[in-house]
Amino acid sequence: MDSALLQNLMAGAGSSSQFIGGLIVALLYVVIGLLGAIGSIVVFRRIFQGRWEQIFWASFLVVIAAFYLSFAAYFGASTHAWQTEVVGVTVFLVCAVGGLFSRSAIAVGYVMHGLWDLSHCLSGSSLAGLSITEIPLGYGIFCSTYDFTVACYLIISDTAWHEPGKLDLYFWRHRQSLN
């Protein structure tokens with residue numbers, strides 16, 4: 001599980017080769033999260049323009065929060081863990097709805113989700129006395145990197161969300177020829 005990797009890295013458990021191997025694995029997940037976020041931003045900024053982009057990032061926040069429900073099902077989480085995860089999804093749903101009115105609410109939601117990912121990595125199956133779902137190896141590192149990168153983009157983005165915008169599923173067909 002993911003918590004073992006991070007706990008071993010933080011505590012220095014195991015041999016020096018295990019530490020180096022774990023560090024490389026963690027770094028790989030950070031790079032994949034960063035590249036995944038950059039790719040998502042580039043592609044979705046082209047597909048969803050104006051208000052559509054805002055709706056997309058708000059909706060996507062709820063979708064990635066709901067991944068924890070699939071992990072709860074997959075890993076056979078306890079009833080208490082299910083309750084914690086449902087509350088978590090509800091919190092991110094509130095951030096997403098707020099994000100329909102405020103770019104900063106979506107950014108805050110992504111930062112909070114990144115922290116939620118890290119808490120699952122570092123806590124194992126219990127967070128401050130609450131049961132939480134275990135997650136696959138590297139998921140928390142990947143997802144928190146993705147979330148923090150998207151939050152940074154949302155904060156610095158110059159997208160005009162106040163404009164109606166458009167949805168362009170075939171953006172690649174509109175490229176002008178260099179000839």
Side-chain angles (χ1 to χ4, degrees), residues 2 5-6 23-72 84-123 127 132-133 135-178:
D2 204 19
L5 172 65
L6 281 181
L23 194 59
I24 290 170
V25 169
L27 183 60
L28 178 62
Y29 282 114
V30 167
V31 169
I32 293 169
L34 183 62
L35 293 176
I38 291 169
S40 296
I41 291 164
V42 168
V43 169
F44 293 125
R45 187 175 167 124
R46 295 286 310 260
I47 294 173
F48 303 106
Q49 298 164 8
R51 181 90 169 127
W52 282 100
E53 185 183 5
Q54 181 179 18
I55 292 167
F56 168 77
W57 287 115
S59 302
F60 195 66
L61 177 60
V62 177
V63 169
I64 62 174
F67 267 68
Y68 282 93
L69 300 177
S70 67
F71 294 145
T84 303
E85 301 302 346
V86 168
V87 169
V89 171
T90 304
V91 167
F92 297 115
L93 176 63
V94 169
C95 289
V97 170
L100 295 174
F101 304 98
S102 164
R103 181 186 310 257
S104 61
I106 299 175
V108 166
Y110 276 92
V111 169
M112 288 173 45
H113 190 264
L115 295 172
W116 186 244
D117 296 321
L118 289 177
S119 69
H120 279 75
C121 285
L122 297 173
S123 301
L127 174 66
I132 59 175
T133 303
I135 58 176
L137 177 68
Y139 180 79
I141 299 168
F142 155 78
C143 197
S144 61
T145 303
Y146 185 98
D147 293 340
F148 295 147
T149 304
V150 168
C152 288
Y153 162 72
L154 293 172
I155 291 168
I156 65 171
S157 173
D158 62 349
T159 303
W161 285 3
H162 59 279
E163 295 178 10
K166 65 180 182 174
L167 175 63
D168 185 6
L169 295 177
Y170 303 104
F171 67 90
W172 62 86
R173 293 185 184 176
H174 301 292
R175 289 187 168 177
Q176 294 183 359
S177 173
L178 296 174

Response to the item:
Of all heavy-atom pairs linking F101 and V97, the shortest is CD1-O, 3.4 Å
Worksheet, complete the sentence: Heavy-atom closest pair (A58 atom, A96 atom, distance to 0.1 Å) is O-CB, 3.2 Å
Discussion item. For a quick test of reading the model, state the closest non-hydrogen atom pair linking V30 to T145 and the distance between them.
Written reply: O-CG2, 3.3 Å
Practice prompt. Quick one: closest heavy-atom pair of D117 and C143, and the distance?
Written response: OD2-SG, 3.2 Å
Item to complete: Would you please name every residue forming a side-chain contact (heavy atoms from CB on, under 4.5 Å) with E53, sequence neighbours left out?
Response: R45, F48, W57, Y153, T159, W161
Worksheet entry | Residue list, side chain to side chain donor-acceptor pair (under 3.5 Å) with S104, at least two apart or on another chain | S102
Discussion item. I'd like to check the side-chain contact (heavy atoms from CB on, under 4.5 Å) partners of C95; sequence neighbours left out, ordered by chain and number.
Written reply: L61, M112
Discussion item. Nearest 0.5 Å, please: how far is OH in Y139 from OH in Y146?
Written reply: 10.0 Å
Worksheet item: Would a distance-only check, ignoring hydrogens and angles, find a side-chain to backbone donor-acceptor pair under 3.5 Å from R103 to I156?
Response: no
Fill in: Interatomic distance, Y29 atom OH to S144 atom OG [nearest 0.5 angstrom]
12.5 Å
Practice prompt. Answer yes if the ring centres of H120 and Y68 are under 6.0 angstrom apart, and no otherwise.
Written response: yes
Worksheet item: Rounded to the nearest 0.5 Å, what separation is found between the CG atom of L35 and the OG atom of S40?
Response: 10.5 Å
Fill in: Side chain S157, main chain L154, donor-acceptor under 3.5 Å
no
Worksheet item: Are any of the side-chain heavy atoms of I64 and Y110 separated by less than 4.5 Å?
Response: yes
Worksheet item: Quick one: are H113 and V62 in side-chain contact, heavy atoms under 4.5 Å?
Response: no
Worksheet item: Once you round to the nearest 0.5 Å, how far does CG of L28 lie from CD1 of I32?
Response: 4.0 Å
Practice prompt. List the atom of G99, the atom of I106, and the distance in Å for their closest heavy-atom pair.
Written response: CA-CG1, 3.1 Å
Discussion item. With heavy-atom distances below 4.5 Å as the criterion, would you say the side chains of F44 and V150 are in contact?
Written reply: no
Practice prompt. Of all the heavy-atom pairs spanning V89 and A65, show the shortest one and how long it is.
Written response: CG2-O, 3.4 Å
